[in-house]
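Input: a single structure, listed below in structure tokens.
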Amino acid sequence: MVNVRDFEGAAKAVLDPVYYDYFASGAQDEVTVRANEEAFRRLALVPRVLRGHKPPRLGHTVLGSQASMPIMVSPTAFHRLAHPEGERASARAAAEAGVIMIAAMLATVAVEDMAAEARKVADDPALWFQLYLQPDLGFTEALVRRAEAAGCAALVVTVDSPALGRNERGDRNGFHDLPPGIRCENLREAGGDVRSVVLSPEISWRHIDWLRGVTALPIVLKGVLHPADAALALRHGVDAILVSNHGGRQLDGTPAAVDRLPVLADAVGGEIPLLLDGGIRRGTDVVKALALGASAAAIGRPVLWGLAADGEQGVSRVLGLLRTELLNALTLCGCDSAESVPRDLVVRGAM
Ligand SMILES: Cc1cc2nc3c(=O)[nH]c(=O)nc-3n(C[C@H](O)[C@H](O)[C@H](O)COP(=O)(O)O)c2cc1C
Ligand SMILES: CC(C)CC(=O)C(=O)O
């Protein structure tokens with residue numbers, strides 16, 4: 001297996017088709033799922049030559065978390081559907097690789113256990129925690145306290161989910177519950193049932209203000225696509241934005257995430273970092289995201305492909321492949337670091 005695509009094929013070969021569909025699918029016609037990947041193909045790289053640089057430096061720091069490269073692990077639910085070890089294996093692989101991992105609130109391994117696994121392989125692993133703000137603020141605050149106590153270094157609030165997207169593959173497969181023996185371990189006080197999670201349209205900026213008041217952790221908003229919301233995020237003291245359409249799983253028909261970077265970069269004017277996820281499958285995709293204003297790019301499905309194919313080793317391989325590709329791409333582009341990828345490296349090109 002020589003690239004991320006190969007891991008998708010390997011994952012498909014071993015996964016229960018119902019779970020494969022859960023991981024691979026998006027909302028409705030999956031227009032946005034495809035758009036995320038296709039958008040990268042429409043962006044072309046214009047390399048600089050004869051720069052005389054040393055090999056590019058990949059290390060970077062986001063919101064105080066140090067990472068060995070600007071590739072992060074996006075939060076994805078239910079890793080134990082991919083591999084019996086689930087998030088234990090992915091947390092170790094991410095920590096070993098020195099990348100920031102965002103633990104999903106709907107993980108099938110508790111955040112405390114993920115942190116403990118990560119600490120087995122790294123002294124200071126960078127673990128962040130993703131949150132769906134619950135109308136029950138007491139419940140939400142208890143989760144925040146658990147994430148803090150586990151050593152999570154930032155809270156990633158998913159704001160693109162005032163309702164669940166309509167997943168038709170899931171409907172066809174009748175996939176609505178976790179199988180016996182697997183539950184959402186961060187929700188165990190509520191029984192661990194995914195159906196206890198409330199995705200509510202009543203969640204608003206007031207809740208962000210409330211969260212700002214109950215935690216000192218940096219707050220990242222995940223799922224912002226509109227520049228007016230990015231401006232509001234600044235006003236509400238948000239520390240970073242993860243530009244994302246949830247991998248095309250929420251509102252189908254949203255634009256490719258990477259295509260929103262320029263307008264969002266203008267909206268925040270460098271005041272807070274932008275992160276990006278959706279469709280990253282190659283090192284060159286990461287370079288394009290960095291050039292367009294992202295501080296780091298994150299991967300969702302590729303981690304699940306690696307995990308399904310070969311547990312911890314599979315995730316390590318996926319991260320390792322992307323690292324090698326990123327290094328190669330930056331070198332070929334004439335860049336000396338991942339932190340200084342110029343905007344003019346990317347043009348819209350027919351491909
Ligand atoms: C199977 C699966 C489960 C996901 N679960 C969550 C989740 O629980 N919370 C969340 O904020 N995003 C979730 N996401 C969205 C990812 O964080 C991310 O935005 C998306 O996967 C990025 O696109 P990519 O898969 O093309 O890399 C999920 C995505 C997938 C594929
Ligand atoms: C059960 C869902 C809310 C988890 C999720 O975010 C997803 O599957 O994309």
Side-chain angles (χ1 to χ4, degrees), residues 4-5 7-8 11 15 18-27 30 32-40 71-82 86-87 90 100-108 111 128-134 155-167 169-170 175-178 182-184 186-187 193-200 220-225 241-252 254 256-258 275-282 285-286 289 294 296-308 318-319 322:
V4 166
R5 295 264 171 239
F7 273 92
E8 172 164 12
L15 278 169
V18 173
Y19 301 158
Y20 173 79
D21 271 354
Y22 167 66
F23 294 141
S25 61
E30 302 182 351
T32 298
V33 179
R34 289 188 293 279
N36 278 345
E37 292 190 14
E38 282 161 11
F40 284 106
I71 299 177
M72 310 174 48
V73 175
S74 274
T76 51
F78 313 157
H79 286 201
R80 289 191 60 210
L81 295 182
E87 290 85 355
S90 6
I100 298 168
M101 174 165 193
I102 308 173
M105 172 170 151
L106 300 180
T108 47
V111 64
W128 295 5
F129 187 75
Q130 176 263 331
L131 198 60
Y132 288 112
L133 284 168
Q134 297 297 287
L155 293 174
V156 178
V157 182
T158 302
V159 293
D160 58 18
S161 305
L164 189 60
R166 299 295 314 136
N167 185 311
R169 287 205 234 182
F175 177 61
H176 299 296
D177 281 311
L178 291 172
I182 299 184
R183 59 178 191 165
C184 296
N186 296 321
L187 309 179
D193 186 343
V194 60
R195 285 172 305 187
S196 65
V197 175
V198 182
L199 300 182
S200 165
V220 183
L221 293 194
K222 174 173 185 281
V224 172
L225 296 173
I241 288 173
L242 173 41
V243 178
S244 172
N245 53 34
H246 210 116
R249 297 164 71 84
Q250 284 294 97
L251 178 64
D252 196 26
T254 54
V258 69
L275 312 168
L276 171 93
D277 77 18
I280 299 273
R281 303 293 180 263
R282 287 285 188 186
D285 298 338
V286 179
I299 51 172
R301 294 180 183 86
V303 168
L304 296 163
W305 304 146
L307 184 63
V318 163
L319 290 169
L322 287 173

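Numbering of ligands and ligand atoms starts at 1, following listing order.
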So if I count the atoms of ligand 1 from 1 in the order they appear, which ones are less than 4.0 Å from some heavy atom of [X]?
{"X": "S244", "result": "19 (O)"}
{"X": "R301", "result": "23 (O), 24 (P), 25 (O), 26 (O), 27 (O), 31 (C)"}
{"X": "R281", "result": "24 (P), 25 (O), 26 (O), 27 (O)"}
{"X": "S74", "result": "17 (O), 18 (C)"}
{"X": "T158", "result": "10 (C), 11 (O)"}
{"X": "G278", "result": "22 (C), 23 (O), 26 (O)"}
{"X": "F23", "result": "1 (C), 31 (C)"}
{"X": "K222", "result": "10 (C), 11 (O), 12 (N), 15 (C), 16 (C), 17 (O), 18 (C), 19 (O)"}

Q. Under a 4.0 Å heavy-atom limit, does R249 contact ligand 1 with its side chain, its backbone, both, or neither?
A.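 Only the side chain of R249 comes within reach of ligand 1.
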Please list the nearest protein heavy atom to [atom] with its residue and the distance rounded to 0.1 Å.
{"atom": "atom 5 (N) of ligand 1", "value": "A77 N, 3.1 Å"}
{"atom": "atom 18 (C) of ligand 1", "value": "D277 OD2, 3.1 Å"}
{"atom": "atom 15 (C) of ligand 1", "value": "H246 CD2, 3.4 Å"}
{"atom": "atom 9 (N) of ligand 1", "value": "Y132 OH, 3.0 Å"}

*Look at D177 together with R195 and state whether they make a salt bridge at an N to O cut-off of under 4.0 Å.*
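Salt bridge: yes.
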Charged N to carboxylate O below 4.0 Å: is that the case for R5 and E37?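 A salt bridge is present here (some side-chain N lies under 4.0 Å from a carboxylate O).
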Consider every N or O of [X] and every N or O of ligand 1, then say whether any pair is closer than 3.5 Å.
{"X": "A104", "value": "no"}
{"X": "G279", "value": "yes"}
{"X": "Y22", "value": "no"}

Using side chain to side chain contact (heavy atoms under 4.5 Å, CB included), reason through T108 and R183 one step at a time and then give a plain yes or no. CA-CA 6 Å; T108 47; R183 59 178 191 165; over 6 Å; no
Criterion side chain to side chain contact (heavy atoms under 4.5 Å, CB included) on I100 and V73, from CA distance to verdict | CA-CA 6 Å; I100 298 168; V73 175; over 6 Å; no
**Asked** So, N186 side chain and M105 main chain: donor-acceptor pair closer than 3.5 Å or not?
**Response**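 Indeed, once roles are kept as given, a pair shorter than 3.5 Å links the two residues.
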Notebook entry, point to check: With no hydrogens and no angle check, is any side-chain donor or acceptor of D252 less than 3.5 Å from a backbone partner on T32?
Noted result: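 Yes.
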| request: Only counting residues at least two apart or in another chain, list the ones meeting ring pair (Phe, Tyr, Trp, His ring centres under 6.0 Å) with Y132. | output: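 Partners of Y132 under the ring pair (Phe, Tyr, Trp, His ring centres under 6.0 Å) test: none.
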| query | Considering residues at least two apart in sequence or located in another chain, which fulfil the side chain to side chain contact (heavy atoms under 4.5 Å, CB included) criterion with T76? | reply |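 H79, L304.
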### Partner set under side chain to side chain contact (heavy atoms under 4.5 Å, CB included) for E30, not counting sequence neighbours
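For E30, the residues satisfying side chain to side chain contact (heavy atoms under 4.5 Å, CB included) (neighbours in sequence not counted) are S25, V33, R34, R169.
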- Message: Regarding N245 and N36, do their side chains bring together a donor and an acceptor under 3.5 Å, going by distance alone?
- Response: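 Distance-only check passes for N245 and N36.
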Check your understanding: So, D277 and S244: side-chain donor and acceptor under 3.5 Å apart, yes or no?
Key ->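 Side chains of D277 and S244: pair found under 3.5 Å.
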task: From the options V286, I299, D285, select the one residue that forms a side-chain contact (heavy atoms from CB on, under 4.5 Å) with L322.
output: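 Running side-chain contact (heavy atoms from CB on, under 4.5 Å) over V286, I299, D285 with L322 returns exactly one hit, I299.
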Using the rule given for ring-ring contact (aromatic ring centres under 6.0 Å, His included), can you reason through Y19 versus F78, listing the C-alpha separation, both sets of side-chain angles and the distance that settles it, and then say yes or no? CA-CA 10 Å; Y19 301 158; F78 313 157; 9.4 Å; no
Could you please provide the protein residues found below 4.0 Å of ligand 2 on a heavy-atom basis, arranged by chain and number?
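Near ligand 2, by chain and number: Y22, L106, Y132, L164, H246, R249.
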query = Can you tell me if L304 has a non-hydrogen atom under 4.0 Å from ligand 1?
reply =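 Yes.
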_contact_flag F78 ligand 1 heavy-atom lt 4.0 Å_ =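 No; F78 lies far enough from ligand 1 that no heavy-atom distance drops under 4.0 Å.
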Go through the steps for I102 and L242 under the test side chain to side chain contact (heavy atoms under 4.5 Å, CB included), then give the verdict. CA-CA 11 Å; I102 308 173; L242 173 41; 4.1 Å; yes
Hey, can you tell me if W305 and F23 have their rings parallel, tilted or perpendicular (30° and 60° cut-offs)?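 Rings of W305 and F23: perpendicular, over 60°.
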Considering only heavy atoms, which of P75, G300, G247 lies nearest to atom 14 (N) of ligand 1?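 The residue whose heavy atom sits nearest atom 14 (N) of ligand 1 is P75.
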